[in-house]
Protein chains: 2
Amino acid sequence: MKFSSKGRYGLRAMIALAQGYHKGPISLAEIAESEDISLSYLEQLIAVLRRVGLVEGTRGARGGYQLTADPALITAGQVVRALEGPLAPAECVAEGVKPGFCRRQTICTSKPFWEQVRDSVAQVLDKTTLADLCTINGLKVRQMSLGRKKVEA
Amino acid sequence: MKFSSKGRYGLRAMIALAQGYHKGPISLAEIAESEDISLSYLEQLIAVLRRVGLVEGTRGARGGYQLTADPALITAGQVVRALEGPLAPAECVAEGVKPGFCRRQTICTSKPFWEQVRDSVAQVLDKTTLADLCTINGLKVRQMSLGRKKVEA
DNA sequence: ATAATTCCTACTAAAATACAAGGAATTGAT
DNA sequence: ATCAATTCCTTGTATTTTAGTAGGAATTAT
């Protein structure tokens, strides 16, 4: 049972963006460095998040990315699902799957069980916002080394 | 976020054994057929469950496997962990991982989040017993086509 | 003009997954 | 005593997924 680095890295990137919310675009190079994630990999992840409308990009020098909504309005669930697809501890209980997917479902006792697993994960993912993820024990976490580097005079 | 077929198939096999608890050994061939799982794959899965002591094998003709404990005493968590290892939505929050595994943990706001995910899954897995998994809506599920085939006279 | 940046596509090494294959050992039934 | 059914054990392997790399085109502030 694991989430892939897509979801995990993507979430960390979104947290970084949330920490810099309303301070102008933040470049992926900065996030890649502070979060220690490969830049080109991060580009691919953020591209997905842009396509679903969670972030917007500003091209050109001093460009970067910004959240399209307040961190309190974006959930971990939105981010993770965008990057990893619907929650699905097993295929037959993937979120959004058509009923009748599995022909053994009338006799399958494990299906309700996996649904419970799925729902309990969904509950945590959907109740947690990026704003929540900017705090530890309710304390806002200081933004380490984020923010645009000073341009030499 | 998915569980592999090891955990899912293994659990189904254990449910089948639970349905035949105290009726003598059940062969993997029967389970493989009724559950539509490859026999040799199933052999490998059950081997793991035997090594951790959840089932015992009886060799020879009319042999098979039996649970080593009452279905009400074996949890889905035990079965799944045996087959897939510790619950770990991310490596740094794997069950049983040493603290200090990740050097960024003092500033990492996502770690407590992934721990919550892990714990909510664990709670479902650990509260659900094989006995629970033999029922749907509290009704004991009939055992379809299980039980030793009649020997020709 | 130039440097910084997003944006896009294609490729790839390594790991994990889901088995298949083959055979040795054991045991109940005939 | 033989045979068939079964567990038990090891090794191999095709396919898929993961986690990137690489290269370059388009855009924009300075």
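No hydrogens or angles considered: nothing links the side chains of S4(B) and Y9(B) as a donor-acceptor pair under 3.5 Å.
Comparing dA29(C), dT7(D), dA18(C) by their closest approach to the side chain of Y65(B) singles out dT7(D). Side-chain proximity of S4(A) to dC7(C), dT7(D), dT18(D): nearest is dT18(D). With dA4(D), dG20(D), dT7(D) as the choices, the nucleotide that has an atom nearest any side-chain atom of S27(B) turns out to be dT7(D).
Proximity of R51(A) to the phosphate of dT6(C): no side-chain N or O atom is located under 4.0 Å from OP1 or OP2. Residue R62(A) places at least one side-chain N or O closer than 4.0 Å to OP1 or OP2 of dT30(D). Residue S5(A) places none of its side-chain N or O atoms closer than 4.0 Å to OP1 or OP2 of dT18(D). Not one side-chain nitrogen or oxygen of Y41(B) sits closer than 4.0 Å to the OP1 or OP2 atom of dT17(C). Between S38(B) and dA20(C) there is a side-chain N or O to OP1 or OP2 distance below 4.0 Å.
Between L42(B) atom CG and dT7(D) atom P the separation is 9 Å, expressed in whole Å. The distance between atom CG of L45(A) and atom C1' of dT6(C), rounded to the nearest whole Å, is 15 Å. In this structure, the CG atom of L28(A) is 15 Å from the P atom of dA4(C), given to the nearest Å. Between the CD atom of E84(A) and the P atom of dT17(D) there is a distance of 13 Å, given to the nearest Å. Atom CD1 of I26(B) and atom C1' of dA5(D) are 16 Å apart (whole Å). Straight-line distance from the CD1 atom of I37(A) to the C1' atom of dT18(D): 15 Å, rounded to whole Å. Taking atom CZ on R12(B) and atom C1' on dA18(C), their separation rounds to 14 Å, with Å as the unit. Between L39(B) atom CG and dC8(D) atom P there is a gap of 13 Å when expressed in whole angstrom units.
Among the protein residues, I46(B) comes within range of no part of the nucleic acid, since none of its heavy atoms lies under 4.0 Å from any strand. The residue S40(A) sits close to a base: some heavy atom pair falls under 4.0 Å.
Along DNA chain C, the nucleotide nearest A29(A) and the nucleotide nearest K2(A) are compared for position; the residue whose nucleotide lies closer to the 5' end is A29(A). Between K6(A) and E43(A), it is K6(A) whose nearest contact on DNA chain D lies nearer the 5' terminus.
The base of dT6(C) sits with one of its N or O atoms less than 3.5 Å from a complementary donor or acceptor on the side chain of R59(A). Below the 3.5 angstrom threshold, one finds a donor paired with an acceptor across the side chain of Q44(A) and the base of dT21(D).
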* Y65(B)/L49(B) under side-chain contact (heavy atoms from CB on, under 4.5 Å): CA gap, chis, key distance, verdict -> CA-CA 10 Å; Y65(B) 291 90; L49(B) 297 172; over 6 Å; no
* **side-chain contact (heavy atoms from CB on, under 4.5 Å) assessment of L17(A) paired with Q66(A)** => CA-CA 6 Å; L17(A) 291 180; Q66(A) 290 170 277; over 6 Å; no
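E56(B) CD: more than 12 foreign heavy atoms inside a 6.0 Å radius.
Salt bridge annotation for K6(B)-E84(B): absent, with no cationic side-chain nitrogen under 4.0 angstrom from a carboxylate oxygen.
Atom CD1 of I37(B) is separated from atom OG of S5(B) by 8.5 Å, given to the nearest 0.5 angstrom.
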